[in-house]
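Just below is one structure, and these are the notes that go with it.
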Amino acid sequence: MRVESGYIELKGLRFTAKHGVLPQERVVGGEYVVSVRVDCNLEKAVGSDDVKDTLNYAELYQIINKEMQTPSCLLEHVAGRIGERILSAFPQALSVGIEITKRNPPMGADCDGATVFVRVRP
């Protein structure tokens, strides 16, 4: 059997963080939802059943959590940092898609949130 493609994805991670352009956002903080998809070769893990042959999603979460706790003005910047750290930590990563949604953005609209999506490659 040959594995054609694969990915590891963490969906709907919830954070309270202090990102935003407005000063109050950096003080009070807000709610964010993050999903990350890492495209990678999983063929070896499919055969071995050994965590060392895959991308450990607990380690992936730690990277995302650390970057979400570092305040930034722009979600694009946060997503870029997350992608860069993942590519650095996991050489088997082929590309990383990062989606960050700011729940209740301060723009006077009744909505589910404002979302940024960034895809990075080595």
Taking atom [atom1] of [X] and atom [atom2] of [Y], what is their separation to the nearest 0.5 Å?
X	Y	atom1	atom2	value
Leu10	Tyr61	CG	OH	9.5 Å
Glu99	Ser35	CD	OG	5.5 Å
Ile82	Leu60	CD1	CG	9.5 Å
Thr115	Lys102	OG1	NZ	11.5 Å
Ile86	Ile64	CD1	CD1	5.0 Å
Gln62	Asn65	CD	CG	6.0 Å

Which heavy atom in [X] sits nearest to a heavy atom in [Y], and how many Å separate them?
X	Y	value
Thr101	Gly113	CG2-CA, 4.0 Å
Ala45	Asp53	CB-O, 3.4 Å
Arg26	Cys73	NH1-SG, 3.2 Å
Ala79	Ile100	N-CD1, 3.7 Å
Gly20	Glu25	CA-OE1, 3.4 Å

Would you check if [X] and [Y] make a side-chain contact, meaning some heavy-atom pair closer than 4.5 Å?
X	Y	value
Glu59	Phe90	yes
Val96	Arg119	no
Glu43	Arg2	yes
Arg85	Glu67	yes
Pro122	Ser95	no
Tyr32	His19	yes
Phe15	Gln69	yes
Val38	Tyr7	no

Hydrophobic cluster membership, with links at side-chain heavy-atom distances under 4.5 Å among I/L/V/M/F/W/Y: are [X] and [Y] in one?
X	Y	answer
Ile63	Tyr57	yes
Val36	Val33	no
Leu94	Ile98	no

Would Asp112 and Arg103 count as a side-chain contact (heavy atoms from CB on, under 4.5 Å) here? Give the steps.
CA-CA 6 Å; Asp112 291 334; Arg103 309 263 326 232; 5.9 Å; no
Under a 3.5 Å cutoff, is there a donor and acceptor pairing between the side chains of Arg81 and Ser72?
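Yes, because at least one side-chain N or O of Arg81 sits under 3.5 Å from a partner of the opposite role on Ser72.
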Tell me, yes or no, whether the heavy-atom count around Phe117 atom CZ, taken from other residues, nucleotides or ligands under 6.0 Å, exceeds 12.
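For Phe117, atom CZ is crowded (more than 12 foreign heavy atoms under 6.0 Å).
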Is any NZ, NE, NH1 or NH2 atom of the basic residue among Lys44 and Asp49 found under 4.0 Å from an Asp or Glu carboxylate oxygen of the other?
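No, Lys44 and Asp49 are not salt-bridged.
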Side-chain heavy atoms under 4.5 Å apart, restricted to Ile/Leu/Val/Met/Phe/Trp/Tyr: what other residues fall into the cluster of Leu74, or is it alone?
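Members other than Leu74 - counting any ILVMFWY side chain reachable under 4.5 Å - are Val21.
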What do the steps show when you test Met68 against Val34 for side-chain contact (heavy atoms from CB on, under 4.5 Å), and what is the final call?
CA-CA 9 Å; Met68 284 301 294; Val34 178; 3.8 Å; yes
Please check if the side chain of Thr70 supplies one atom and the backbone of Lys66 the other of a donor-acceptor pair under 3.5 Å.
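Checking the backbone N and O of Lys66 against the side chain of Thr70, a donor-acceptor pair under 3.5 Å is found.
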Applying side-chain contact (heavy atoms from CB on, under 4.5 Å), run through Asn56 and Ile8 and close with a yes or a no.
CA-CA 9 Å; Asn56 185 319; Ile8 303 291; over 6 Å; no
